[in-house]
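Numbered from 1 within each chain, the chains take letters A, B, ... in sequence-line order.
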Number of protein chains: 2
Amino acid sequence: MARKPENNNRLDDAARAGWLYYVAGRTQDEIASIMGISRQSAQRLVSLAMAERLVKVRLDHPIAACLEAAARLKDRYQLKYADVVPSDPGSASTTVGIAEAGAAEIERWLKTAEPVVLAVGTGRTLKATIDQLPPMDCPQHRIVSLTGNIRLDGSAAYYNVIFSMADVINARHFPMPLPVLVSSPEEREVLHKQSLVKMALELGARADAVFVGVGELGAEAPLCEDGFLAREEMAGLMAAGAVGEICGWMFDHDGALLTGSINERVASIPLPPRDRASVIGIAKGRRKHEALRAALRGGIINGLITDESTAEYLLKA
Amino acid sequence: MARKPENNNRLDDAARAGWLYYVAGRTQDEIASIMGISRQSAQRLVSLAMAERLVKVRLDHPIAACLEAAARLKDRYQLKYADVVPSDPGSASTTVGIAEAGAAEIERWLKTAEPVVLAVGTGRTLKATIDQLPPMDCPQHRIVSLTGNIRLDGSAAYYNVIFSMADVINARHFPMPLPVLVSSPEEREVLHKQSLVKMALELGARADAVFVGVGELGAEAPLCEDGFLAREEMAGLMAAGAVGEICGWMFDHDGALLTGSINERVASIPLPPRDRASVIGIAKGRRKHEALRAALRGGIINGLITDESTAEYLLKA
DNA sequence: ACCAAAATTTTACCGTTTGATAAAAAAATA
DNA sequence: TATTTTTTTATCAAACGGTAAAATTTTGGT
């Protein structure tokens, strides 16, 4: 009868115990008495069944795939935070879904009692995110804009992230009264010494959480469309290897910031140190794929809110 | 702020909580803080996910004793398929365990690429089995109900196997819009000529796999309890030697269909030829013992899903 | 648009179940 | 027999499931 079934028997018992526990719903005490062993042995068998993956838990709901993708993204790119929302294949929107999810995450930060510093970038996605925020009263927190939204011609882009945000959450807010780009490194230096700007710079460096959009480059890039960047410059940047930008900071395929070139004229506040702060990118869609992957690779962002199909791309790469 | 499609969100949240709990292994406290709700709400969501069968736990490990019993059953009764699940001595449930196993076998059939015709009976066990099926998209298959679930008084029994099944697996389905029993052989003949019924009859005859419960007879038989059969008739049947029924077809101790008597008024679709199709009975428990043995002896079923202690009975006989 | 009723959520509490640890006992191995 | 490994026993803090009252939100009627 019993030849050498040691290992086999053990897994058999584990399977039996796991079955009684997970399928039949008995307590470990009951299993112990049914199988004639001590409760601790029963417990060991049950957890062995789990460890050996004898019991398989399946969750039949679209949301499950999203959660799993988020967990894998976290692991793959060493993220502090990841959230994946279901894709809507039919929709062309670049914000539906992630805007709500982004707002929820911002809300979680704002709900904390101890004061935090939140920083935001700009762009359509971020504007849509802010628009999903419920009114809140957060006098203990401060919010700062990492980047301006002044165009080359001096006018302001229509979306107004920091002020919209301040409108609904009633916290002290620090705008960035500068263009995204200035004409020279020297001009940047001068502007950054203005007292108002200095306060924002200082605050930005201490931000606990940062929420940014991720810009792709190309002829139809929002950066051009919105008049932040001349098309000739765009071509030069792409030739230099740039694939995306965050708050105006250009980076290449590996997520390394471009040295020289335009980055010396970016007036935005630098992203705070990634080891301390959460820098959460909010983006989805085919056109953002490469830029997102580069930003994740290079650790420019350590948090991500995206949708399923974008997550799929980022995972298979 | 427009931000909630409530109805949808409820199950979403349940799925999310269930995933975090069962897959990610978080505690309910953690889930509560992640989702921004109280622990009790988290607990409710987790158990809702269970109740709504969003999470399905399955144990695929073959337990040696069960495997051996299955092999012996196959041999002893010339079965095409046999599956034995562990017994839970204390439990009074007649479905726990075999329902999951039955669902797994149905799933295997549904996963085949070439189109198959699946037929199902009715009853509590089968309903519990169907409830364990994961959502699937199977436009290539067809499913047909071998029997109606209309009572003597014209009302429908609460369990609704074919429609529940169609709900989750999205295949063309063919219900049997008749009672289990009609008043006379002649009426049956008339009814069976209705075009709708004829299609079901035709399909049933071509079924590749059939899943049925096995009904025992007696004063407390489900057939009586559910109002399909008057108690006086039951007594007569038993006197005539009937020990069990499948889809309403009465059989005796040797598994031979009773001639005459009530069987001439059974409106169910006849079971397809056993040499071609798999007719799999799903049943366990003391009260089903005799009916099961008779059905196996007579070859009414050529497949079986049961539990260890029932298997033991069937093997020692 | 308002108020009242109903339903849901939160808060608080309690007994049971669970996972983990450490020492004693038993079994297996050399 | 001595040594190693496993199982049992005992104990404890954390986690869980249930209940009940208070607070909140939703619903329905006016």
Side-chain angles (χ1 to χ4, degrees), chain A residues 1-57 59 100 103-104 107-108 110-113 132-138 168, chain B residues 1-57 59 64 88-91 93 96:
Chain A
M1 197 78 186
R3 257 186 260 187
K4 174 204 152 177
E6 258 316 322
N7 289 339
N8 234 336
N9 251 340
R10 186 153 177 75
L11 282 187
D12 258 27
D13 286 346
R16 191 175 290 271
W19 190 91
L20 287 167
Y21 188 72
Y22 289 105
V23 181
R26 322 296 302 218
T27 77
Q28 299 181 350
D29 265 320
E30 292 173 314
I31 295 169
S33 82
I34 288 172
M35 298 180 66
I37 52 178
S38 68
R39 183 178 76 79
Q40 281 67 11
S41 293
Q43 198 273 328
R44 236 176 311 136
L45 286 176
V46 169
S47 56
L48 177 65
M50 251 317 192
E52 294 289 333
R53 304 190 181 261
L54 300 182
V55 308
K56 289 170 187 148
V57 177
L59 209 149
E100 289 83 352
E107 206 180 325
R108 276 187 281 274
L110 291 173
K111 269 184 186 158
T112 62
Q132 294 294 325
L133 280 175
M136 298 179 74
D137 193 52
C138 310
V168 289
Chain B
M1 304 288 113
R3 63 202 315 263
K4 42 183 72 170
E6 264 310 333
N7 289 340
N8 218 347
N9 261 347
R10 181 133 184 86
L11 279 187
D12 268 19
D13 285 348
R16 190 167 226 109
W19 190 90
L20 288 167
Y21 188 73
Y22 290 104
V23 182
R26 321 300 295 258
T27 75
Q28 298 183 350
D29 266 318
E30 290 175 313
I31 296 170
S33 86
I34 287 172
M35 299 180 65
I37 52 180
S38 66
R39 184 178 73 81
Q40 281 66 11
S41 292
Q43 198 272 331
R44 238 176 312 140
L45 285 176
V46 169
S47 54
L48 176 67
M50 255 312 191
E52 293 290 331
R53 299 175 208 284
L54 297 181
V55 312
K56 298 201 177 73
V57 35
L59 201 147
D88 179 5
S91 164
S93 166
V96 167

Taking CZ from B/R26 and C1' from D/dA14, how many angstroms apart are they, rounded to a whole number? 16 Å
With respect to the phosphate group of C/dG19, does any side-chain polar atom (N or O) of A/Q43 fall under 4.0 Å of OP1 or OP2? yes
Between B/L20 and B/V46, is a side-chain contact (heavy atoms from CB on, under 4.5 Å) present by the stated rule, with each step listed? CA-CA 9 Å; B/L20 288 167; B/V46 169; over 6 Å; no
Length of the line joining B/Q40:CD and D/dA21:P, which is rounded to integer Å: 16 Å
Length of the CD1-P vector between B/I31 and C/dT9, whole Å: 16 Å
Euclidean distance, atom CG of residue A/D13 to atom P of D/dT6 [Å, nearest integer]: 15 Å
Does the side chain of B/D88 reach to within under 4.5 Å of the side chain of A/I34, using non-hydrogen atoms? yes
Would one find a side-chain N or O of A/S41 under 4.0 angstrom from OP1 or OP2 of D/dT8? yes
Applying side-chain contact (heavy atoms from CB on, under 4.5 Å), run through B/Y21 and B/Q28 and close with a yes or a no. CA-CA 7 Å; B/Y21 188 73; B/Q28 298 183 350; 3.7 Å; yes
Name the closest nucleotide to the A/T27 side chain, picking from C/dT10, D/dT8, C/dT18. C/dT18
Whole angstroms only, please: what is the CG-P distance between A/L48 and C/dG19? 13 Å
Can you check whether A/R39 has a side-chain N or O nearer than 4.0 Å to OP1 or OP2 of D/dT8? no
Would you check if B/K56 and A/V57 make a side-chain contact, meaning some heavy-atom pair closer than 4.5 Å? no
Please confirm whether the shortest side-chain N or O distance from A/Y21 to OP1 or OP2 of C/dT18 is below 4.0 Å. yes
To the nearest angstrom, the CZ-P distance between B/R44 and D/dC16 comes to 16 Å
How many Å lie between CD1 on B/I37 and P on D/dT24, as a whole number? 18 Å
Please examine the side chains of A/I37 and A/L45, heavy atoms only from C-beta on, and report whether any two atoms are closer than 4.5 Å. yes
Any side-chain N or O of B/Q28 under 4.0 Å from OP1/OP2 of D/dG17? yes
Roughly how many Å is it from CG in B/D29 to C1' in C/dT18, rounded to a whole number? 15 Å
